[in-house]
Each structure stands twice: as structure tokens, then as C-alpha cells.
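Have a look at the structure below, then the notes.
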Amino acid sequence: MTTIQLTLPDGSVREVESGTTGSELAALIGPGLAKAALATVVDGTLRDLASPISEAAQVAIVTDRSPEALPLLRHSAAHVLATAVRELFPTAAIGFGPAIEDGFYYDFDVPRPFTPEDLEAIETKMREVVERDYAFVREEVERTEANTRFADDPLKLERIEELGSDEVISIYTDGPFVDLCRGPHVPTTGRLKHFKLLNTAGAYWRGDERRQMLQRIYGTAWFRKEDLDGYLHRLEEARKRDHRVLGRDLDLFSIQQDVVGPGLVFWHPKGAMIKWLLSRAVEDDNLASGYDLVYTPNVTREELFRISGHIPLYEENQYPVMGAGAGEGDEVRHRVKPMNCPMHTLVYKHHHRSYRDLPVRLSEVANVYRNEKSGTLHGLMRVRGLCMDDAHIFCTPEQAEDEIFLCLDQVERLVREPFGFELDFEVSTRPEERLGDDEAWEMAEGILRRALERKEIPFRVDEGGGAFYGPKIDIKFKDAIGRFWQGPTIQLDFQLPERFDLEYTGPDNAPHRPVMIHRAIYGTLERFIGLLIEHFAGAFPVWLAPEQVRVLPISDEQAEAARDIAQRMKAAGIRAVLDAGHETLNYRIREAETQKVPYMAVVGRREVEGGTLAVRERGAGSKQTVMLLDDFVSKVLEETRSRRLGD
RNA sequence: GCUGACGUAGCUCAACUGGUAGAGCAGCUGAUUUGUAAUCAGCAGGUUAAGGGUUCGAGUCCCUUCGUCAGCUCCA
């Protein structure tokens with residue numbers, strides 16, 4: 001019997017027999033660990049506890065405190081779910097069942113969709129499966145054997161078909177349930193203690209809308225009851241930040257689907273103020289960064305989008321043709337614009353351009369319209385009429401990397417710094433349907449990566465996720481319940497300059513082709529404001545608050561003085577509102593608090609006499625600061641100017 | 001677009017198995033003049049998303065359309 005040396009995470013070395021399993025090793029180390037052990041990590045690879053270790057290696061025992069533990073538990077939870085479903089619905093075909101962030105799901109092909117009652121029954125059955133404490137047993141089998149074992153599971157057979165000849169086909173069994181699965185798993189179903197099924201939804205098999213729709217069940221699982229309760233509580237709390245609810249309660253916007261249509265936003269005065277402030281912030285920054293401002297038509301002859309290639313590629317998502325012009329047979333086909341790039345291209349093309357002019361940077365905060373599929377609409381996050389802080393940079397291929405670097409700076413200045421957002425960077429590479437040759441794509445993708453690396457920004461790669469004309473850097477952030485949305489985007493484009501035959505004259509007096517960068521910093525103002533609402537739970541920092549100060553006279557006696565104070569604030573550039581209503585002071589303070597106004601300035605007899613204000617801060621309770629009107633005005637103006645985030 | 005759930009006053013929600021659509025908040029009117037998170041009273045508010053059907057009778061049952069929510073697909 002050969003012995004091998006296993007190095008543990010603390011650096012100590014154990015000498016054991018070759019073939020020792022994870023659970024045996026854990027038992028050697030200590031009884032407490034043996035009980036807590038869930039799996040092993042052998043030379044960086046997660047493995048079952050029962051799997052033998054045959055050679056010298058770095059070994060760590062995974063317990064519920066390890067970072068690998070939750071995904072492991074949740075993956076096993078998915079199997080327990082499938083075990084339960086199979087007992088209750090023996091004909092259910094099984095699809096995929098992975099762990100996901102905060103939980104797991106499993107897809108089933110069943111004769112009828114699951115009802116909420118089914119879900120309860122399934123959860124009860126899952127608790128039985130947990131109670132029975134089945135071991136998860138791994139087997140590695142030959143292809144023919146696998147095909148026999150899954151003869152009744154068409155979805156699994158399809159999956160086996162796709163496995164390469166060099167791949168190991170592994171099977172996991174827990175009690176009556178057998179699944180084709182890479183593993184690993186926790187040792188037994190009994191390890192699953194604190195879980196809950198959350199909801200069901202349809203999901204296309206293999207994520208392909210041309211294939212059948214399976215029924216997906218989502219659930220969540222945790223090691224400790226407090227964690228499960230905490231998660232459910234976080235979900236509850238997050239729902240309170242929902243921008244659709246706050247948008248109505250704070251009277252920021254409305255979407256009047258019955259009268260005007262879904263996905264079309266009415267910005268009420270307070271929301272419009274936020275939108276205007278953001279537009280101004282990005283336009284100020286653009287002008288300071290060498291951009292020019294343009295305004296271009298909202299409607300164009302359809303031909304423009306044929307030149308650009310958007311038709312036929314995106315025709316389905318464009319609003320249909322509208323007639324215009326002469327009528328009587330020679331009417332011209334027009335389209336409302338779904339994006340600005342062809343328009344800006346035409347501004348570029350209107351002059352002969354010299355290499356001395358480049359980069360030409362054209363910016364426009366513009367409304368565009370996209371006929372998004374009905375099921376994708378979502379509050380402000382996904383709309384049909386959207387306002388982009390769009391810009392297009394025309395430059396030489398050599399300048400592109402620096403220009404992208406500068407765009408990333410703008411993201412830093414306008415998004416990360418002022419709001420403290422956590423951003424997720426992603427490079428999307430060439431898609432299947434695309435224009436241009438591989439050489440151009442290769443170069444473009446390289447330029448994007450280098451700009452990010454130079455800025456030392458870590459990023460993920462979304463293979464095949466690029467636009468049809470070029471690769472892009474997409475920057476994503478999370479909404480209140482953890483869903484990712486695309487915000488800023490920077491796209492490099494060699495194709496539209498080609499299609500529109502753009503040129504500049506080089507130092508050699510010969511024509512050259514520029515490249516184009518499409519870039520939006522906030523992305524769409526609608527989505528960005530939706531995210532801001534959730535980020536701040538409606539309590540905007542002073543510089544963005546549509547109403548900065550509410551002036552509250554204590555009684556009618558101070559109404560005139562308060563009116564005067566509010567007027568002086570407004571004259572100084574502060575967004576102040578007087579509430580001299582006949583309600584009690586308590587009522588009006590509550591009103592201002594629920595409307596999330598950052599400052600309340602209470603004016604009573606003492607304040608009128610002293611030329612002061614009793615200032616109450618949003619969320620600070622009854623704590624108040626008495627200060628001179630002029631001092632308060634300077635304070636608010638300074639916080640506005642510096643875009644202070646608040647405490 | 002697809003799957004499922006849902007749609008009652010501006011908002012939150014009632015109305016037993018089909019039998020007179022109701023309450024709180026918000027709104028309006030009046031009284032109250034208030035010192036840091038809801039003063040009191042009265043009034044008004046609805047073609048129950050829209051359209052069709054079954055029935056003596058439909059908010060409730062059936063069909064169609066529109067929309068909302070969750071997820072899938074898509075996102076120039």
C-alpha cells in the first residue's frame with residue numbers, strides 16, 4: 001500500500017494511504033470536521049467527499065463556512081427538488097437544474113404547468129426526501145450505458161449526445177432519482193435543511209425560443225435558518241425600493257398604458273427635474289471633454305436604415321413605416337429613429353474632414369423609439385420611448401484606444417464617483433450575425449481589451465454578445481432585487497464608416513477611413529433614473545433632489561415671513577417649496593419626510609425674530625439645528641455644487 | 001413574442017358557495033392656528049380593464065382583446 005502526502009490549507013502535511021476519501025481524511029483530522037465536512041477541494045478542484053484521493057495534493061475540506069459550500073448545497077437542493085417532482089409527477093422529463101445566485105432552479109417538461117398548490121406539495125415532498133437522508137452516489141458510465149439509463153428522458157439523451165468523446169459521463173443517484181450530472185454534491189439529502197420554493201415560470205429548453213417551453217421551479221437554500229430568514233427579509237425590503245412604487249408615491253413619473261400605451265413615460269415635474277439635472281451634468285462634462293452638441297431629426301426616410309444595416313436586422317423592433325410626402329402612389333416611406341448613429345454619421349459626412357479635425361465628437365441627448373416586445377417592458381428599466389445620452393466619436397484607428405480610455409474616464413466621473421455604484425464590466429465579442437471580416441473584429445476587440453487593461457478595470461467576456469457592427473464594453477449594475485441591467489456602453493465600429501463611405505484626408509493628402517465609437521454614459525436616462533430611485537430608495541442627495549427644502553411656518557402668523565424666506569431661497573437657486581397649509585406642523589413634517597425632501601426649514605416666532613431657521617434633516621428625527629438663513633443658503637448651495645452624496 | 005398568475009375608487013384592500021359594490025388613506029368643504037412623523041367633522045368619488053356570452057340575476061362562471069407582475073427569449 002503506497003502512502004501519499006496531503007497538504008492542508010494551514011500548511012501542515014498528512015501522510016495517508018493512497019485512495020483515502022475526503023470523509024476519511026476529515027475524520028483523521030477531527031470528529032468535528034468529520035461531521036461538518038461537505039466536500040473536498042483537491043488541487044483546486046471541487047470533489048465529492050466520498051471521492052478517493054490517489055496522489056499527493058493540496059487538499060481542503062469544504063464545510064458550510066467555505067465559499068464553495070452554498071453553490072454546492074444549492075445544486076444538491078435542485079436534485080432534491082427533481083427527486084420530489086419525479087415522485088409526484090412520474091412522467092416529468094428533466095432538463096437542467098443548476099445553482100444560481102442565492103438559490104437554484106430545475107426545468108421540467110410536464111403535461112401541464114405547475115400550480116401554486118403543486119409547489120406546496122412539492123416542497124412538502126422535498127422535506128420527506130431530506131428526512132430519508134439519501135446518499136448522493138456518483139457513478140461514471142459508458143455512453144451506451146448512459147443512453148440505457150436515461151432511455152425515458154429525452155432531454156437528457158440530447159445532452160448525452162452532445163458530450164464529447166473525451167468527456168467523462170457521470171451519474172448521480174439519490175434514492176430513487178438518477179440524474180446525468182457533473183457533480184459534485186453534498187454527501188446526503190439530509191444536509192439540506194433551510195430552503196423554500198419561490199416561484200415557477202416558463203423557460204425555453206436550451207434557452208432557445210424555437211424549442212419547447214419547460215416549467216422552471218425556482219428556490220433558495222441556506223445552511224442556517226437565520227440566513228434563509230434574512231434572505232427572505234432582504235427580498236421584502238428590496239421590494240420597498242421598487243422604482244415603480246416610489247415613482248408613483250413621490251410623483252416622479254407615470255406610464256399611462258391605457259391611454260397612450262405601455263413603455264411610454266410621462267415625466268412629472270419632479271422626475272423631469274431629475275432628468276434635466278442629469279442631462280445637464282452629462283452635457284457639461286461632454287462640453288468640457290471636447291464634444292460638440294448636435295440635434296438631429298427624429299424621423300427619416302427609411303433608406304437611411306438600409307444603408308446602416310439596421311434594416312432588415314432590427315426591423316422587427318422598429319416602429320412600422322409611416323407615410324409622408326405626396327401621397328397618391330409616390331409617397332415616401334419614413335421611420336421614427338431607434339438610434340442616432342446614422343444621423344451623426346451624416347453630420348460628419350457633411351464636410352470634408354482633415355486628419356487635423358479628428359477626433360470629431362458629436363453628442364446628443366435624444367429621444368429614440370424602439371418597438372420592444374411586450375413581455376420585456378419593465379417600469380423605467382425597459383421602455384419603448386427612451387432618452388439616450390448618446391455620442392459618436394469619429395477618429396483614426398490609432399486614436400481609438402485613447403478615446404475609449406477617455407470614455408471610461410467619463411463613466412468614472414459621471415457614474416461611479418457621484419453615486420458610488422458598483423459596476424460590472426463586460427466585453428462583448430463578435431456575434432453570429434455581423435458585418436465585416438474577422439481581421440477588423442480581431443483588431444476592434446483588442447483595442448477594447450487594452451483600454452480596460454490600461455485602466456486596470458477587471459472585466460468579463462461575453463462571447464458573441466457584440467453589436468452587429470462591432471464589439472462593445474457593456475457596463476452593468478444591479479437593481480433593488482439583484483437583477484442586472486446594462487447602463488453605460490462603449491462600442492467600437494469599423495462597419496458604419498464603411499457603409500456610409502466616411503473619409504478624412506490624411507497628412508499624405510490621400511483619403512482614409514475613420515473608425516467610429518458609439519458611447520452612452522448613463523445609457524438611457526429612463527433606466528438610469530430607475531436605478532437611482534432604487535439605489536437611494538427615493539431619498540436623493542441634495543444636488544439631485546427635485547425639491548431640496550420645504551419651508552414650514554408654524555402658524556399663519558409666520559406665513560408671510562416664510563413666503564419671503566422661500567422666495568429668497570429660490571432667488572439664490574435653491575429648489576424650495578413653501579407649505580403654509582392649514583394642517584398641523586406634525587402633519588406637514590410627516591408629509592415632507594415621506595416625500596423624502598432633504599431639508600425642512602421650520603419658521604416660528606423665534607426664527608422670524610432672529611432671522612434664523614430651525615433646520616431639520618431628512619431621516620434625522622426631531623434633531624434640529626438653528627441657523628442663520630444666509631448660512632443655510634450657502635450650505636445647500638455648496639452641497640449642490642459639490643454633488644455631495646450625504647451621510 | 002412565449003409560460004404562469006393577476007386586473008374592484010387616485011392608493012392599499014373588502015364584498016360566503018352568482019343575489020343592493022364597501023372601508024381606510026389621499027381629494028374637496030368647514031372648524032381648528034398648531035414648536036418637529038397623521039386635529040376633528042361633513043361631502044364627493046366606481047359602466048368592477050375593455051368587448052362579447054351563459055343566467056331571472058355576473059365583480060364573481062365562460063370566450064376574446066388590452067394591460068400589469070414573475071420568469072424565459074430579445075435588447076442596434
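Letters go in sequence order (proteins before strands), and every chain restarts at 1. The analysis underlying the following values was restricted to heavy atoms, covering all of them including side chains, and did not include hydrogens, waters or symmetry mates. Just so we're clear, the structure is a prediction, and the values are computed from it rather than from any experiment.
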I'd like to check the side chain to side chain donor-acceptor pair (under 3.5 Å) partners of [X]; sequence neighbours left out, ordered by chain and number.
X: A/K349; value: none
X: A/E583; value: none
X: A/T625; value: none
X: A/E120; value: none

Set of salt bridge (charged side-chain N to carboxylate O under 4.0 Å, His left out) partners for [X], sequence neighbours left out:
X: A/R588; value: none
X: A/K196; value: none
X: A/D107; value: A/R216

Taking atom P in both B/C62 and B/G4, what distance in whole Å separates the two? 15 Å

Pick the P atom in B/G71 and in B/A37, then give their distance to the nearest Å. 38 Å

Check the phosphate of B/A76 against A/K337, side-chain N and O only, distance under 4.0 Å to OP1 or OP2. Yes or no? no

So what stems show up for RNA chain B if we need 3 or more Watson-Crick or G-U pairs in a row, all under 3.5 Å? B:1-7 with B:66-72, B:10-13 with B:22-25, B:27-31 with B:39-43, B:49-53 with B:61-65

Going 5' to 3' through nucleotides 38-44 of chain B, assign each nucleotide B (protein heavy atom under 4.0 Å from a base atom), S (under 4.0 Å only from sugar-phosphate atoms) or - (no protein heavy atom that close). BB-----

Take nucleotides 63-71 of chain B nucleotide by nucleotide from the 5' end and write B, S or -, depending on whether a protein heavy atom sits under 4.0 Å from the base, only from the sugar-phosphate, or from neither. ----SSSSB

Decide whether A/Q486 and A/R527 meet the rule of one side-chain donor and one side-chain acceptor closer than 3.5 Å. no

If a pair satisfies salt bridge (Lys or Arg N to Asp or Glu O under 4.0 Å) and one of its residues is in residues 476-494 of chain A, list it, with sequence neighbours excluded. A/E101-A/K478, A/E426-A/K476, A/D479-A/R483

Need one value for A/G604: base, sugar-phosphate or nothing, where a base atom within 4.0 Å counts as base even if backbone is also close, heavy atoms only. base

Suppose the criterion is side chain to side chain donor-acceptor pair (under 3.5 Å): which pairs have a residue in residues 429-438 of chain A, not counting sequence neighbours? A/T429-A/E463, A/R430-A/E442, A/R430-A/E445, A/R434-A/D438

